[in-house]
Amino acid sequence: MPLVAVLLLIAALLLVACGSGGDAGRSPACPPGVGRGLWDLPWSEDTPADEAAGRLLENPDFGATPQAARDLEAGVVDERLVAVLRTVTEEHRVCVEAFKEGHSFLPGVPDGPRIPEGYGEAGGLPNTHYFGRAADVYWVDGKSVAGNATDPDVLDVGRVLAQIPARRRPDQIIGPPPWTRALGYGRERGWVLARDQLELHEDHLHLGYMDEGGTRNAR
Ligand SMILES: [Zn+2]
C-alpha cells in the first residue's frame, strides 16, 4: 500500500476512534490552525523536560500554540502554572496562546525582564511572561474570550481559579472588564483590578505569578 494511502487510513481510523469516544460534538481546545488542538497531529516527538508539563500537553482538553507547546517541552513554564492549567482543564478546555516565547506587550517590541514603558501603568514592572510565570488564554471551550467575556464557561474558569488554594493560585489574574466585574473577586484573591490593565485584556485571560516562590494572595 502506498504511504499516502496508509496515512489516510490512519487518519480515518483516528477520526472514527475520536468520534466514538462519547465526546461527539466536542471541538478541539484551540481553533483549527491555531495550534495544538485535537486534530493537529502528530505532536512533536521531543521528550518533555518536565513530566507534569508533558502530561498537560497530552491532555486533549488543553491546547497550545506551537510556541506555547515548545515552552512546556523546554521546561521553562513554572510548575505552579502547569498545575493550575491541569486543574482548569478538569472542567474546561483552554487554549494557551503564549507563555514566554512569542509574547510581546507592544507590537515589534521584544519582551525583556521588565514590562515596556507604554504598556499602561504596568510599564517598568517585572514581566512574568519573561520568567515563564504567566499564561495567556485566548479560548475557552472553543469560544474566544474576546466577545464572550460573560459566557458561563468563561466565567466559570474564573470560579475554578478562585477555588484553588491561595498558596497555589495565580496572584496576577487579569481578564476583560465585564469578566472581572461579573466575577467580583478582589485583589486579595489574586485579581488585578487596575482599569488600564483590564482594558489591555479585552481578548484574553492572563494567569501569572508575581514572585518566583509563593503568592501574594491573602487567602
Ligand atoms: Zn499575559
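None of the values given here were measured: they were computed from a predicted structure. Just follow the structure's listing: the first ligand is 1, and inside any ligand the first atom is 1. For the single chain, residues carry numbers from 1 onward in sequence order.
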List for me each residue that meets salt bridge (charged side-chain N to carboxylate O under 4.0 Å, His left out) alongside [X], sequence neighbours excluded, and say none if there are none.
{"X": "Arg114", "answer": "none"}
{"X": "Glu101", "answer": "Arg70"}
{"X": "Asp203", "answer": "none"}

Examine the side chains of [X] and [Y] and answer whether a donor and an acceptor come within less than 3.5 Å of each other.
{"X": "Ser104", "Y": "Asp111", "result": "no"}
{"X": "Asp136", "Y": "His201", "result": "no"}
{"X": "His204", "Y": "Glu97", "result": "no"}

Total protein N/O/S atoms whose distance from the Zn ion (ligand 1) is less than 2.8 Å: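 Step by step: take the Zn ion (ligand 1), keep protein N, O, S below 2.8 Å, and you get 3.
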